[in-house]
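This is the structure, below, for whatever I ask next.
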Amino acid sequence: MMFDVWRLREQGWLLPRFRSCMVPPVRAILHVREQRDQDLNRHIRVAELLDPRSRQSLPDFPNLLDVTLVALDETSTTLAGTERLNDPRADREYLYAQSWFLRAVSAVPPPLK
């Protein structure tokens with residue numbers, strides 16, 4: 001299913017509401033699946049955003065790990081979880097709280113050939 005997606009946090013910090021007016025949403029296909037996470041040594045639900053044309057993962061939107069459904073109605077949903085970001089300068093990975101607000105868009109275009 002295709003959605004317009006807004007991030008609600010940046011590096012764990014809640015973004016001010018006015019920012020959603022200034023930053024356009026990202027249009028993407030949402031995939032949610034369960035997979036094994038080697039770092040946590042257990043299975044987790046993962047939400048991933050895919051480019052509608054290429055069906056490749058969006059590089060600017062890290063996957064949402066341990067995703068939970070916060071709200072759902074006829075046209076929108078909110079997902080919460082954590083995102084894993086790599087800091088090459090510190091040679092470390094960080095887990096940050098993240099939420100996505102998703103508004104449903106009508107149809108998914110066919111993939112490029």
_Interatomic spacing from OG1 in Thr78 to CG in Leu69 - rounded to 0.5 Å_ =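 Thr78 OG1 to Leu69 CG: 8.0 Å, rounded to 0.5 Å.
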*Evaluation steps, side-chain contact (heavy atoms from CB on, under 4.5 Å), between Asp37 and His43*: CA-CA 6 Å; Asp37 186 294; His43 282 83; over 6 Å; no
_Is it the case that over 12 heavy atoms from other parts of the model lie below 6.0 angstrom from the CZ atom of Arg36?_
yes
*Residues Arg84 and Asp39 bridged, charged N to O under 4.0 Å*: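 So Arg84 pairs with Asp39 through a salt bridge.
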_Could you tell me if the side chain of Ile29 sits less than 4.5 Å from the side chain of Phe3, heavy atoms only?_
no
_What's the separation between atom CG in Leu64 and atom CD in Glu83, rounded to the nearest 0.5 Å?_
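Here the rounded value is 7.5 Å.
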_Using side-chain heavy atoms (C-beta onward) and a distance below 4.5 Å, is Val67 in contact with Val46?_
no
_I want to check something: taking the side chain as every heavy atom from C-beta on, are Arg45 and Leu79 in contact at a cut-off of under 4.5 Å?_
no
*Give the minimum heavy-atom separation between Val70 and Ala80, together with the two atoms involved.*
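The pair with the smallest heavy-atom distance is CG2-CB, 3.6 Å.
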*Looking only at non-hydrogen atoms, find the nearest pair between Ser57 and Glu48 and report the distance.*
OG-OE2, 2.9 Å
_Taking Leu15 as the starting point, is it possible to reach Val26 by hopping between hydrophobic residues whose side chains are less than 4.5 Å apart?_
no
*Please tell me if the side chains of Tyr94 and Asp87 come closer than 4.5 Å, counting only heavy atoms from C-beta onward.*
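They are in contact (side-chain heavy atoms under 4.5 Å apart), so the answer is yes.
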*Measure across Ala71 and Thr77 and return the closest heavy-atom pair with its distance rounded to 0.1 Å.*
O-OG1, 2.8 Å
*Is the Phe61 ring parallel, tilted or perpendicular to the Trp100 ring (thresholds 30°, 60°)?*
perpendicular
*Reported CG-to-CG distance for the pair Asn63 and Leu58, which is rounded to 0.5 angstrom*: 10.0 Å
*Any ion pair linking Arg42 and Asp66 (charged N to carboxylate O, less than 4.0 Å)?*
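Salt bridge: yes.
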*What residues, two or more places apart in sequence or in another chain, satisfy side-chain hydrogen bond (donor to acceptor under 3.5 Å, both in side chains) together with Asn86?*
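Asn86 satisfies side-chain hydrogen bond (donor to acceptor under 3.5 Å, both in side chains) with no other residue.
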*Between atom CG of Leu8 and atom CD of Gln98, what is the distance when rounded to the nearest 0.5 Å?*
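If we round to the nearest 0.5 Å, Leu8:CG and Gln98:CD are 7.0 Å apart.
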*Using a 4.5 Å cut-off on heavy atoms from C-beta on, say whether the side chain of Tyr96 contacts that of Leu85.*
yes
_Any carboxylate oxygen within less than 4.0 angstrom of a Lys/Arg side-chain nitrogen, looking at Asp51 and Arg53?_
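The answer is no: the pair does not qualify as a salt bridge.
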*Atom OG in Ser76, atom CG in Asp4: separation rounded to 0.5 Å?*
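The OG atom of Ser76 sits 11.5 Å away from the CG atom of Asp4.
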*Is any NZ, NE, NH1 or NH2 atom of the basic residue among Asp73 and Arg103 found under 4.0 Å from an Asp or Glu carboxylate oxygen of the other?*
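A salt bridge is absent here (no side-chain N lies under 4.0 Å from a carboxylate O).
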*If you round to the nearest 0.5 Å, how far is CE of Met2 from CG of Leu30?*
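Separation between the atoms: 12.0 Å.
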